[in-house]
Student: 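Below you'll find the structure I mean.
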Amino acid sequence: MTTEQNVAIITEFVAAWSRLDPDELATYFAEDGSYHNMPVGPVVGRDNVRAMIAAFTADWTTTQWDLLNIVGAGDVVIAERLDRTEAGDKRVDLPCTGVFEMEDGKIK
């Protein structure tokens, strides 16, 4: 995959969060991919990532991840975001940066 393709995949992944569909989000990961959401330890394996996303977002009613900056170099994509999430009447705007290592079009 080219850098541009990897950046496009991560751009789609960031946008997909607004649908709050753990099954869809898990498809972006390699079978043995990992998700490391600080400060919690990494979760390894697509099925485990899916379960973690489902648990993590269970109380969310809406989320919109605003992509502020994105850059790629080969199989690495870095995305600076502002994650805007609501869980009932609670709202959190969380600035963060994701570093994605890609392999064959999937998050490794």
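Values below: every heavy atom of this structure, side chains too, minus hydrogens, waters and symmetry copies. Sequence positions, counted from 1, serve as the residue numbers for this chain.
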Student: Step by step, would you call Arg81 with Thr97 a side chain to side chain contact (heavy atoms under 4.5 Å, CB included)?
Tutor: CA-CA 6 Å; Arg81 311 181 317 263; Thr97 299; over 6 Å; no

Student: Near Asp104 CG, under 6.0 Å, is it more than 12 heavy atoms from other residues, nucleotides or ligands?
Tutor: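 For Asp104, atom CG is not crowded (no more than 12 foreign heavy atoms under 6.0 Å).
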
Student: If hydrophobic clusters are built by linking Ile, Leu, Val, Met, Phe, Trp and Tyr wherever their side-chain heavy atoms come under 4.5 Å apart, do Leu82 and Leu20 end up in the same one?
Tutor: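 Different clusters: Leu82 never reaches Leu20 through Ile, Leu, Val, Met, Phe, Trp or Tyr contacts under 4.5 Å.
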
Student: Is there a side chain to side chain contact (heavy atoms under 4.5 Å, CB included) between Leu67 and Thr11 once you walk through the steps?
Tutor: CA-CA 8 Å; Leu67 194 54; Thr11 300; 4.0 Å; yes

Student: Is the distance from the ring center of Phe13 to that of Phe29 below 6.0 Å?
Tutor: yes

Student: With sequence neighbours excluded, tell me which residues meet salt bridge (charged side-chain N to carboxylate O under 4.0 Å, His left out) with Glu101.
Tutor: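 So Glu101 forms no salt bridge (charged side-chain N to carboxylate O under 4.0 Å, His left out) with any residue.
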
Student: Can a donor-acceptor pair be found, under 3.5 Å and without considering hydrogens, that links the side chain of Thr57 to the backbone of Trp60?
Tutor: no

Student: Side chains of Glu24 and Thr27: do they bring a donor and an acceptor to under 3.5 Å?
Tutor: no

Student: Does the side chain of Trp65 pick up a donor-acceptor pair with the side chain of Thr63 at under 3.5 Å?
Tutor: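 Per modelled atom types, Trp65 and Thr63 side chains form a pair under 3.5 Å.
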
Student: Do other residues, nucleotides or ligands put more than 12 heavy atoms under 6.0 Å from Asp21 CG?
Tutor: yes

Student: Please name the pair of heavy atoms, one in Arg46 and one in Ala30, separated by the smallest distance, quoted to 0.1 Å.
Tutor: NH2-C, 3.5 Å

Student: Closer than 3.5 angstrom, by distance alone: can the side chain of Thr61 be matched with the main-chain N or O of Glu86 as a donor-acceptor pair?
Tutor: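 Here the side-chain-to-backbone pair exists.
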
Student: Is there a path of hydrophobic side-chain contacts, each under 4.5 Å between heavy atoms, that joins Phe100 and Phe56?
Tutor: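 Yes.
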
Student: Find out if a path of hydrophobic residues (ILVMFWY) with successive side-chain heavy-atom gaps under 4.5 Å connects Leu94 to Ile10.
Tutor: no

Student: Between Asp66 and Arg84, is a side chain to side chain contact (heavy atoms under 4.5 Å, CB included) present by the stated rule, with each step listed?
Tutor: CA-CA 8 Å; Asp66 297 335; Arg84 302 173 186 274; 2.5 Å; yes

Student: Dump the intermediate steps for side chain to side chain contact (heavy atoms under 4.5 Å, CB included) on Arg50 and Asp47, then the final yes or no.
Tutor: CA-CA 5 Å; Arg50 188 222 158 276; Asp47 291 339; 5.6 Å; no

Student: What's the spacing between Lys108 NZ and Glu31 CD if we round to 0.5 Å?
Tutor: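 CD of Glu31 is found 10.0 Å from NZ of Lys108.
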
Student: Minimum heavy-atom separation for Ser34 to Ile107, with atom names?
Tutor: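 Closest heavy-atom pair between Ser34 and Ile107: O-CG2, 4.4 Å.
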
Student: Would you be so kind as to tabulate the donor-acceptor pairs closer than 3.5 Å made by side chains of residues 71-80, with sequence neighbours excluded?
Tutor:
residue : atom : partner : partner atom : Å
Asp75   : OD1  : Asn6    : ND2          : 3.4
Glu80   : OE1  : Asn69   : ND2          : 2.5

Student: How far apart are the closest heavy atoms of Gln64 and Ser18, and which atoms are they?
Tutor: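 Answer, listing the atom of Gln64 first, then Ser18: OE1-CB, 4.0 Å.
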
Student: Locate the shortest heavy-atom distance separating Thr2 from Gln5; write the atom from each residue and the value.
Tutor: N-OE1, 2.8 Å

